[in-house]
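Here's the structure we're looking at; comments come further down.
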Amino acid sequence: MTRLRALFGDDLFVRSASGMQPTAKALSLARPISEALGQIRGVLEPGSSFDPAIARRRLSIAVTDYGDLVVIPPLVAALRREAPGIDLVVGPSLTPPRVLRASNTARSTP
């Protein structure tokens, strides 16, 4: 929850007499997050099929400078070739690489 609060610059939930209540920011995030989770569920459900040649979707990813130089060009080429209806939106990663490395190291440690 701490990471989400830092990411959105909002408490997201506050304690009240009737329990935890969502902030206006949390309420504004509820619908887009619910839609995103629904799309993920649809892809992961058994029997669901995905045909990149006819897919019409917008994908947003955040990358570091390295990713922008090394990963994005071949990804864009593959998307143009295999999935022309996919709209790729690339933005800068808001998390410094050293934080990502520390986070990945912490998760991979038994």
Side-chain angles (χ1 to χ4, degrees):
M1 200 61 196
T2 301
R3 290 176 72 190
L4 289 173
R5 286 180 171 135
L7 177 67
F8 292 110
D10 188 85
D11 286 337
L12 299 175
F13 293 91
V14 292
R15 192 172 309 277
S16 73
S18 58
M20 296 299 284
Q21 298 295 318
T23 64
K25 181 68 171 182
L27 292 172
S28 73
L29 292 169
R31 184 174 179 184
I33 289 173
S34 177
E35 290 172 358
L37 290 173
Q39 289 178 354
I40 291 168
R41 278 188 210 100
V43 169
L44 297 177
E45 286 177 356
S48 68
S49 62
F50 175 76
D51 185 353
I54 61 171
R56 302 286 177 256
R57 297 201 173 131
R58 173 175 286 198
L59 303 176
S60 298
I61 60 172
V63 296
T64 62
D65 291 341
Y66 174 82
D68 199 24
L69 292 171
V70 176
V71 176
I72 297 303
L75 176 59
V76 168
L79 286 173
R80 284 184 182 156
R81 187 177 57 253
E82 303 292 331
I86 299 295
D87 183 20
L88 183 64
V89 178
V90 179
S93 174
L94 300 177
T95 305
R98 70 184 186 299
V99 174
L100 290 173
R101 281 193 301 274
S103 176
N104 288 337
T105 302
R107 273 189 245 134
S108 64
T109 304

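All of these numbers come straight from a predicted model, not from anything done at the bench. Just the heavy atoms: all of them, side chains too, but no hydrogens, waters or symmetry mates, feed the values below. This chain uses plain numbering: 1 for the first residue, then up along the sequence.
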Cluster question for you: counting only ILVMFWY and a side-chain heavy-atom cut-off of under 4.5 Å, with indirect links fine, are [X] and [Y] together?
X	Y	value
L79	I61	yes
V63	L59	yes
L7	F13	yes

Are the side chains of V76 and V90 in touch, meaning some heavy atoms are under 4.5 Å apart? no
In Å, rounded to the nearest 0.5 Å, how long is the span from [atom1] of [X] to [atom2] of [Y]?
X	Y	atom1	atom2	value
T64	L69	OG1	CG	8.5 Å
L88	I72	CG	CD1	5.5 Å
R56	I86	CZ	CD1	8.0 Å

D51 atom CG, neighbour heavy-atom count above 12 within 6.0 Å: yes
CZ (R80) with more than 12 external heavy atoms under 6.0 Å: no
For D11 versus M1, what's the shortest heavy-atom pair and its separation? O-CE, 4.3 Å
What's the shortest heavy-atom distance between S93 and A62, and which atoms? CA-CB, 3.8 Å
Indicate every side-chain donor-acceptor pair of residues 18-29 with a distance under 3.5 Å to a residue at least two apart or in another chain.
| residue | atom | partner | partner atom | Å |
| --- | --- | --- | --- | --- |
| S18 | OG | S16 | OG | 3.3 |
| S18 | OG | Q21 | NE2 | 3.2 |
| T23 | OG1 | D10 | OD2 | 2.5 |
| T23 | OG1 | L12 | O | 3.4 |
| T23 | OG1 | K25 | N | 3.4 |
| T23 | OG1 | A26 | N | 3.2 |
| S28 | OG | K25 | O | 2.7 |

